[in-house]
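So the structure is just underneath, and the comments pick up after that.
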Amino acid sequence: MALPKVLGIETEYGIQAVNVPDSNPTSAASFLINAYVSELAQGVGWDFEDESPGRDARGFVRDGAQAPEVERHLVNTVLTNGARYYVDHAHPEYSGPECSSPRQLVTYDRAGEVILQRSMAAARRILPPGQEIVVYKNNSDGKGNSYGCHENYLVDRAVPFPRLARLACAHLVTRQIYTGAGKVGCEEEGAERARFEISQRADFFEEEVGLETTLKRPIVNTRDEPHADPQRYRRLHVITGDANLSETATFLKVGVTALVLMLLEDDALGSRELVLAEPVRAIHEISHDPSLHTTLELVDGTTMTPLELQWELYDLARKYAEERGLAAIGSEEEGAEVLQRWEHVLSALESDPASLARELDWVAKYELVNAYCERHGCGLDDHRVAALDLQYHDLRPERSLFGRLRVDTLIDPAEVERAVVDPPPSTRAFFRGECLKRFAPSIVAANWDSIVFDVGQDALQRVPMMEPLRGTAAHVGTLLNEVHSPAELLARLSG
Amino acid sequence: MAERELKRRPAPQREAQETEEQEAPTTSERGEKLKAELDDLLDEIDEVLEDNAEEFVRNYVQKGGQ
C-alpha cells in the first residue's frame with residue numbers, strides 16, 4: 001500500500017534592498033530574518049549533524065557533480081510552527097514543517113508568506129526612514145538567474161529509484177499547465193525573448209535526472225537525504241515547481257503529485273508507460289506555448305498534448321480512487337477534492353482557459369499582461385510589463401498585484417494565522433514546535449529528525465525523530481501537557 | 001470539507017467542442033465580469049507600479065539561487 005504522503009514545501013524568496021547603502025543580498029536576507037527572530041526573541045539554532053545533501057538516490061556520487069553546500073555561518077533558525085527559516089546562499093528561505101495533507105501544506109505555505117511579510121515590517125522598524133527590504137515570491141529575476149520552490153514527498157524505499165524517476169518525469173514536465181506562475185520574457189539561451197511563458201522555472205532545466213540544484217538543473221532530482229529512517233523511506237525532492245501565490249495552484253501542485261506518487265508506489269500507472277522521448281525539450285516547449293497545443297513525443301512513438309497526458313493520469317487516479325481509496329493523502333475527502341479540482345482545471349484549460357483567471361497564477365498574470373499591453377499599446381518587451389510581472393509577486397500588501405486580482409482562496413485566514421505560531425498536529429513537526437514553545441531555553445539545536453536538549457547534565461540529550469508520523473498531538477500531546485520541565489519530558493520519553 | 005460526489009468529466013478533449021456551445025452563456029458572463037474587474041485594476045495600476053519601471057527592472061538581480 002502507498003505510504004501516507006507526508007509533504008513539505010520550501011521557498012527561496014527573491015529579495016531587494018531599497019536605498020540601503022553597502023547592502024548585498026546575503027546581508028539583506030540575514031538582516032530580514034534577524035529582525036523577525038529578534039522580535040520573537042526565540043531563536044534556536046539549526047543542527048547540521050545529519051545533513052548529507054550530496055548523497056545520490058542512484059547509489060553513487062558522481063565525480064565533478066556539484067553537491068549543494070551547507071552554509072553554517074549564516075542565520076538559521078527553527079520556528080514554533082515547526083518550520084526552518086534561514087539564509088540559503090543569497091536568499092531568505094522558509095522551509096515549512098512536515099504536513100499530512102495538501103490543504104495543511106497550503107496553510108503552512110501561506111503562513112510562510114505571512115512570516116516574510118512580518119519580517120519586512122520588522123526590518124522597516126529598524127532601518128532609517130526611506131530604506132526598505134522587499135521580498136518577492138517568484139523564481140526568476142528575468143536575467144537568467146533562478147531560485148527555487150522545492151517540494152518533498154515521503155515515498156516507500158521499496159520503489160526502485162530508476163522506476164520512480166522514469167514514471168514521475170512526464171507528470172513533472174506537464175503539470176506546469178496548472179502549476180505555472182507565468183513569466184514575461186524567455187530566459188532560454190538563444191530563444192526569442194519577448195514571449196509569455198507558462199512557467200517561471202521551465203527555462204532552467206537542462207537534464208533529465210541528476211543531483212544538482214544550482215546549475216544544469218535536472219527534472220528529477222536525485223538528492224537522497226530522507227531525514228527519516230533510510231531503510232524504509234525516501235524523500236522525493238522535487239525542484240521543478242514554480243512558487244505559487246494562488247492557493248489552488250499550490251493545492252494542485254502538491255495534491256496531484258502526491259496522488260501520482262501513490263499510484264506509482266502501488267503499481268497503478270497502467271500497462272502503458274507514459275514516458276516522454278525528450279523531457280527537457282518538452283518542459284521548455286510546453287512553457288513557451290500558452291495555447292497548450294504543444295505536441296509531446298512518447299518513447300512508444302505516439303504523441304500527446306500536455307492536457308491529454310494529464311487526462312490520462314487523471315483517469316488512472318480516478319480508477320485507483322474507486323478501487324483503493326485515497327486515505328493516504330490525508331483523508332478520503334481531501335483525496336476527492338484533489339480529483340475534483342484537478343478535473344475542473346483540466347476541463348477549463350481545454351474549453352476556456354481565461355475562465356481560470358481567479359484560480360491559476362499563470363492565467364491571472366496572462367490576462368493582466370495582455371490587458372495592460374492592449375490598453376497601453378505596448379509589447380511584451382516594454383519595461384512596464386517586466387515591472388508588472390515582478391510586482392505580481394511583491395509580498396507587500398500595498399504593492400502586490402496578485403493581491404489586487406481577487407484570486408480565489410481555499411484557506412481561512414484565521415487558520416493561516418494559527419499556522420504562523422502552531423505546528424501541524426498530525427506529524428512530528430508537532431513535537432518539534434511544541435518543545436520549542438515550551439522549552440526553548442533548554443533546546444540547543446533542532447533539525448528535521450532530532451532535537452538536542454541541554455538539561456544541565458554532563459552530556460547533551462538528543463531525541464531522535466526518525467518517523468515523520470510519530471510525535472503527533474495524538475502521540476505526545478497529553479505527555480507535553482503533563483510534564484513541567486524538559487528534564488521530566490526526557491525522563492518520561494526514555495521511561 | 002463535506003463529501004462530494006466525484007463527477008466524471010463530461011467528455012474527452014475532442015468531444016468537448018460540442019458541449020462548449022451549451023455552456024457559452026455562463027462562460028461569457030464570467031468572462032465579462034473578469035474583464036470588468038481587470039479594467040478597474042488597470043485604471044488604478046499606475047498608482048501601484050514602481051515609479052521608474054526601467055530602473056526597477058534593471059536593479060532586480062537575484063544570484064545564487066537553487
Side-chain angles (χ1 to χ4, degrees), chain A residues 12 14-16 25-26 68 88-91 103 136 139-143 145-148 150 213-214 239 305 307-308 311 314 318 321-322 332-334 336-337 339-340 343 346-347 350-352 354-355 357-358 367-368 371-372 375 382-384 386-388 390-391 398-399 401 404-406, chain B:
Chain A
E12 287 179 89
I15 186 165
Q16 196 72 341
T26 307
D88 190 7
H89 301 275
H91 300 269
R103 269 188 171 265
Y136 297 81
N139 307 98
S140 153
D141 66 358
K143 299 169 187 71
N145 301 309
S146 185
Y147 32 103
H150 300 171
T213 52
T214 55
I239 67 168
T305 67
L307 263 167
E308 285 169 336
W311 273 127
Y314 171 83
R318 236 194 94 91
E322 282 159 10
E332 292 293 349
E333 288 77 14
E334 229 178 290
E337 186 186 0
L339 280 180
Q340 183 267 326
E343 180 191 28
L346 294 182
S347 298
E350 205 161 64
S351 60
D352 183 16
S355 68
R358 294 294 172 269
E367 295 298 307
L368 175 65
Y372 187 90
R375 178 172 297 201
D382 194 288
H383 296 299
R384 291 170 298 176
L388 188 143
L390 289 176
Q391 269 187 258
E398 72 278 12
R399 290 281 189 174
L401 293 182
R404 295 189 176 228
L405 283 166
R406 295 187 225 166
Chain B
M1 228 199 96
E3 282 189 36
R4 57 171 86 224
E5 198 188 326
L6 290 180
K7 277 180 292 182
R8 180 128 195 104
R9 66 191 152 108
Q13 191 184 19
R14 276 157 293 281
E15 288 131 76
Q17 316 290 335
E18 295 161 30
T19 54
E20 215 170 280
E21 259 179 80
Q22 285 166 273
E23 290 167 12
T26 348
T27 308
S28 101
E29 218 171 87
R30 184 171 160 86
E32 287 304 314
K33 189 169 167 279
L34 291 173
K35 195 173 176 313
E37 283 175 11
L38 209 49
D39 273 341
D40 292 345
L41 173 59
L42 289 178
D43 289 339
E44 59 184 43
I45 203 166
D46 289 333
E47 298 162 25
V48 189
L49 280 185
E50 297 284 346
D51 293 335
N52 187 336
E54 187 173 357
E55 193 188 332
F56 164 60
V57 170
R58 190 176 54 238
N59 287 341
Y60 190 84
V61 178
Q62 305 285 324
K63 292 196 172 149
Q66 295 227 31

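Computation of the quantities below employed the complete heavy-atom set of this structure, encompassing side-chain atoms and omitting hydrogens, waters and symmetry-equivalent molecules. What you see is a predicted model, and the numbers here were worked out from it, not measured in a lab.
Ion pairing between a basic and an acidic side chain is recognised when a charged N comes within 4.0 Å of a carboxylate O; Glu44(B) and Arg404(A) show such pairing.
Panel note: side chain Arg399(A), backbone Val48(B); a donor-acceptor pair is recorded below 3.5 Å.
Looking at Arg375(A), the atoms closer than 4.5 Å to chain B (heavy atoms on both sides) all sit in the side chain, from C-beta outward. Within the 4.5 angstrom heavy-atom criterion, only backbone atoms of Ala354(A) (N, CA, C, O) approach chain B. Both the backbone and the side chain of Glu367(A) come within less than 4.5 Å of a heavy atom in chain B. Of the atoms belonging to Ile239(A), not a single heavy atom falls under 4.5 Å from chain B.
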Residues Asp88(A), Gln66(B); criterion side chain to side chain donor-acceptor pair (under 3.5 Å); working and verdict: CA-CA 9 Å; Asp88(A) 190 7; Gln66(B) 295 227 31; 3.0 Å; yes

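Residue Leu42(B) holds its CG atom at 8.5 Å from CG of Leu388(A), rounded to the nearest 0.5 Å. Here the straight-line distance linking atom CD of Gln16(A) with atom CD of Glu50(B) works out to 9.5 Å at 0.5 Å rounding. Interatomic distance, Gln62(B) CD to Asn139(A) CG, rounded to the nearest 0.5 Å: 11.0 Å.
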Could you tabulate the donor-acceptor pairs under 3.5 Å formed by side-chain atoms of residues 33-41 of chain B, not counting sequence neighbours?
{"from": "Lys33(B)", "atom 1": "NZ", "to": "Glu37(B)", "atom 2": "OE2", "distance (Å)": "3.2"}
{"from": "Glu37(B)", "atom 1": "OE1", "to": "Arg358(A)", "atom 2": "NE", "distance (Å)": "3.2"}
{"from": "Glu37(B)", "atom 1": "OE1", "to": "Arg358(A)", "atom 2": "NH2", "distance (Å)": "2.9"}

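The heavy-atom pair separating Tyr147(A) from Gly65(B) by the smallest distance is CB-CA, 3.8 Å. Among all heavy-atom pairs drawn from Ala90(A) and Lys63(B), the shortest one is CB-O, 3.6 Å.
Heavy atoms from other residues, nucleotides or ligands lying under 6.0 Å from CG of Asp51(B) number 12 at most.
Aromatic ring pairs are classed by plane angle as parallel below 30°, tilted from 30° to 60° and perpendicular above 60°; the pair Tyr136(A) and Tyr60(B) is perpendicular.
Asp46(B) is linked by a side chain to side chain donor-acceptor pair (under 3.5 Å) to nothing, counting only residues two or more places apart in sequence or in another chain.
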